Amino acid sequence: MNIHEKFIGGNIKITKICGSDIYLENQIRDSSEDWFYWAFCIEGAEGKKLNFHMQSNRLGYWGPAVSYDLINWHWLDNVKEDSFRYEFNERENKVYFAHHMLYHPKRFNKIAEILSLDVFELCKSRKGRSVPACIIGRGSKSVILTARHHACESTGSFVLEGVLKELVLNPIDDVKIFCVPFVDYDGVVDGDQGKARKPHDHNRDYMPDKSIYPEISAIKEYVNKFGCNYGFDFHSPWHKGGENDNVFIVRNNVEKLNKTEKFANILEKHISKTSMKYSSKNDHAPMTGWNQPSPNFGFTMMQRLECEIAHSFETAYFGTENNKISDEKMVELGKCYARAFKEYIKEIS
């Protein structure tokens with residue numbers, strides 16, 4: 001039996017094995033805060049019944065997300081405080097477990113192929129990897145779509161997939177879309193937390209002077225050349241509880257609050273029966289709690305004179321019993337988001 005993290009997104013440490021009881025910890029790595037992301041693979045456990053013990057507050061409401069291919073996920077729906085039990089059948093020679101449903105870069109590559117997206121290299125990452133980006137359409141209005149400023153926040157990737165599908169199949173006139181699906185690409189591949197990375201993470205790197213991450217430098221260079229009329233950055237919030245169980249917009253600009261509110265009301269109207277649910281009452285108001293000015297993507301883009309709307313869009317890791325996360329519902333949420341954006345553009349034109 002082999003328990004390991006040797007795959008894209010892997011993050012685990014084995015602390016002890018006592019018979020069928022396996023004790024695990026996640027790796028914080030270079031994050032300055034205690035964060036909750038973990039993912040591991042177990043091979044050669046066919047026919048075994050194993051108990052996995054995690055640290056406190058590392059499991060969601062429905063236990064771990066489970067996959068056999070890193071593409072398709074389901075909830076185990078079996079959790080007891082900080083532990084879960086799994087009975088491997090005789091054919092399960094490789095099973096992946098994770099804090100939440102992961103979004104593998106191979107999934108984006110497949111979607112890009114299906115949608116005939118022209119994917120190019122944005123830049124080389126700090127570790128020399130080719131960071132993907134794509135441009136869709138032509139027009140005078142510049143739209144920036146980003147996800148994974150924090151490496152572990154994969155719910156945002158599912159939503160972004162839905163946005164891309166809708167905007168490619170039903171394009172908006174006079175709009176040019178620039179998309180960076182994995183801003184912290186090294187972190188996504190390596191399985192880092194990404195949040196609060198020392199000395200600061202990718203979403204605190206939009207300073208007026210030189211950025212420390214090549215991906216942010218490349219995004220800033222594009223924006224300085226082509227502008228940003230609309231900027232949508234897809235995230236996941238904290239682990240769980242309270243507002244973190246919802247889908248919400250981080251409203252970040254008092255002067256342009258009426259524009260964000262207009263978009264939020266339109267989005268509420270476009271939420272379908274098969275989508276993750278969204279209500280504008282759950283949006284986070286500017287200058288409230290943790291939502292303070294900082295050199296992040298949404299706040300920085302919103303300061304630009306030409307910018308109409310720019311914000312983070314947060315999608316819960318687990319949701320609630322009546323609004324439970326699945327990959328299908330997250331993708332549908334992205335489609336609803338794109339339809340709302342299309343209506344907003346139409347109304348102000």
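A quick note: this is a predicted structure, and the numbers were derived from the prediction, not measured.
No donor-acceptor distance shorter than 3.5 angstrom exists from the side chain of Asp192 to the backbone of Gly194, with no hydrogens or angles considered. Glu153 places a side-chain N or O within donor-acceptor distance of the main-chain N or O of Ser236, the cut-off being under 3.5 Å. Judged purely by atom type and a 3.5 angstrom limit, Lys220 uses its side chain to pair as donor or acceptor with the backbone of Met207. Listed for the Ser279 side chain is no donor-acceptor partner under 3.5 Å among the backbone atoms of Asn282. Ser67 places a side-chain N or O within 3.5 Å of a backbone atom of Asp69 that can act as its donor or acceptor partner. For Asn93 (side chain) and Glu46 (main-chain N/O), no donor-acceptor pair under 3.5 Å exists by modelled atom type. In this structure, the side chain of Arg29 engages the main chain of Gly191 through a donor-acceptor pair within 3.5 Å. Counting only distance, with no hydrogens or angles, the side chain of Asn244 and the backbone of Gly241 share a donor-acceptor pair below 3.5 Å. Using a distance-only test at 3.5 Å, with no hydrogens or angles considered, a donor-acceptor pair links the side chain of Thr288 to the main chain of Pro286. Asn229 places a side-chain N or O within donor-acceptor distance of the main-chain N or O of Ser142, the cut-off being under 3.5 Å.
Around the NZ atom of Lys110, the shell of radius 6.0 Å holds no more than 12 heavy atoms that belong to other residues, nucleotides or ligands. Within 6.0 Å of CD in Glu81 there are 12 or fewer heavy atoms belonging to other residues, nucleotides or ligands. Counted within 6.0 Å of CZ on Arg138, heavy atoms from surrounding residues, nucleotides or ligands total 12 or fewer; the atom is thus considered open. Atom CD of Glu221 sits in a sparse spot, with 12 or fewer heavy atoms from other residues, nucleotides or ligands closer than 6.0 Å. The environment of CG in Asp21 is crowded: more than 12 heavy-atom neighbours from other residues, nucleotides or ligands sit within 6.0 Å.
Take Tyr230 and apply the ring pair (Phe, Tyr, Trp, His ring centres under 6.0 Å) test, not counting sequence neighbours, and it matches Phe341. Remark: Arg129 pairs with Asp186, Asp190 by the salt bridge (charged side-chain N to carboxylate O under 4.0 Å, His left out) rule, at least two apart or across chains. For Phe7, the ring pair (Phe, Tyr, Trp, His ring centres under 6.0 Å) partners are Tyr96, not counting sequence neighbours.
The NE2 atom of His150 sits 4.0 Å away from atom NZ of Lys195, with the distance rounded to the nearest 0.5 Å. Taking CE from Met101 and CZ from Phe158, the interatomic distance works out to 7.5 Å, rounded to the nearest 0.5 Å. If you take CZ on Phe299 and CG on Asn291, they are separated by 9.5 Å, rounding to the nearest 0.5 Å. In this structure, the separation between CD1 on Ile216 and CG on Asn203 is 7.5 Å, given to the nearest 0.5 Å. Atom CG of Asn323 and atom OG of Ser275 lie 8.0 Å apart (nearest 0.5 Å). In this structure, CD1 in Ile12 is found 6.5 Å from CG in Asn26, a value given to the nearest 0.5 Å.
Taken together through direct or relayed side-chain contacts under 4.5 Å among Ile, Leu, Val, Met, Phe, Trp and Tyr, Phe36 and Trp75 form part of one hydrophobic cluster. The cluster map of Ile, Leu, Val, Met, Phe, Trp and Tyr, joined by side-chain heavy atoms under 4.5 Å apart, puts Trp62 and Leu59 in different clusters. Val250 and Leu267 fall into different hydrophobic clusters, where Ile, Leu, Val, Met, Phe, Trp and Tyr residues are linked whenever their side-chain heavy atoms come under 4.5 Å apart, directly or through other members. Under the 4.5 Å side-chain heavy-atom criterion for ILVMFWY residues, no single connected hydrophobic cluster contains both Ile28 and Tyr37. The hydrophobic clustering, which links ILVMFWY residues whose side-chain heavy atoms are closer than 4.5 Å, places Phe313 and Leu257 apart.
Ring geometry, Phe88 versus Tyr86: the interplanar angle exceeds 60°, so the pair is classed perpendicular (tilted spans 30 to 60°). The aromatic rings of His239 and Phe318 sit perpendicular to each other, their planes meeting at more than 60°, with 30° as the lower class boundary. A tilted orientation is assigned to the rings of Phe40 and Phe52, their planes being inclined by 30° to 60°. Ring planes of Phe182 and Tyr103: tilted class, angle from 30 to 60°. His99 and Trp38 have perpendicular rings, their planes meeting at more than 60° on a 0 to 90° scale where under 30° would count as parallel.
Summarising the geometry of Arg304 relative to Cys228, their closest heavy-atom pair is NE-N, 4.2 Å, with the distance given to 0.1 Å. Pairing each heavy atom of Arg251 with each of Ala264, the nearest pair is NH2-CB, 3.5 Å. In terms of heavy atoms, Pro181 sits closest to Leu160 at CA-CD2, 3.8 Å. Shown here for Tyr213 and His200, the closest heavy-atom pair between the two residues is OH-O, 2.5 Å.
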### Task
Please step through salt bridge (charged side-chain N to carboxylate O under 4.0 Å, His left out) for the pair Asp173 and Lys141, ending with a clear verdict.
CA-CA 9 Å; Asp173 293 337; Lys141 297 183 181 70; over 6 Å; no

#### Entry: side chain to side chain contact (heavy atoms under 4.5 Å, CB included) between Ser280 and Glu261, worked out
CA-CA 8 Å; Ser280 62; Glu261 187 169 352; over 6 Å; no

### Task
Evaluate the criterion salt bridge (charged side-chain N to carboxylate O under 4.0 Å, His left out) for residue pair Lys342 and Glu166; output intermediate values, then yes/no.
CA-CA 10 Å; Lys342 188 170 185 176; Glu166 181 66 24; over 6 Å; no

### Task
Assess whether salt bridge (charged side-chain N to carboxylate O under 4.0 Å, His left out) is satisfied between Glu332 and Arg339, documenting all intermediate values.
CA-CA 11 Å; Glu332 177 63 18; Arg339 293 169 194 144; 3.4 Å; yes

### Message
Arg107 vs Glu161, test: salt bridge (charged side-chain N to carboxylate O under 4.0 Å, His left out). Steps then yes/no.
### Response
CA-CA 9 Å; Arg107 175 165 176 151; Glu161 177 185 306; 2.7 Å; yes

### Task
List the steps and the verdict of side chain to side chain contact (heavy atoms under 4.5 Å, CB included) for Glu314 and Asn246.
CA-CA 8 Å; Glu314 307 270 355; Asn246 300 320; over 6 Å; no

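Exactly one of Asp201, Asn296, Asp205, Asp233 qualifies for a side-chain hydrogen bond (donor to acceptor under 3.5 Å, both in side chains) with His149. That residue is Asp233.
With a 4.5 Å cut-off on side-chain heavy atoms, Cys152 and Tyr317 count as touching. Between Lys106 and Leu70, every side-chain heavy-atom pair lies at or beyond the 4.5 Å cut-off. Between Glu92 and Tyr68 there is a side-chain heavy-atom pair separated by less than 4.5 Å. Counting heavy atoms from C-beta on, the side chains of Lys127 and Tyr185 never come closer than 4.5 Å.
Checked against the 6.0 Å centroid threshold, Phe232 and Phe263 count as a close aromatic pair.
Thr320 and Asn322 form no side-chain donor-acceptor contact under 3.5 Å, judged by distance and modelled atom types alone. No side-chain N or O of Glu25 forms a donor-acceptor pair with one of Thr15 less than 3.5 Å apart. For the residue pair Asp283 and Tyr278, a side-chain donor N or O sits within less than 3.5 Å of a side-chain acceptor on the partner.
For Arg197 and Asp30, the salt-bridge test passes: some basic side-chain N is under 4.0 Å from an acidic carboxylate O.
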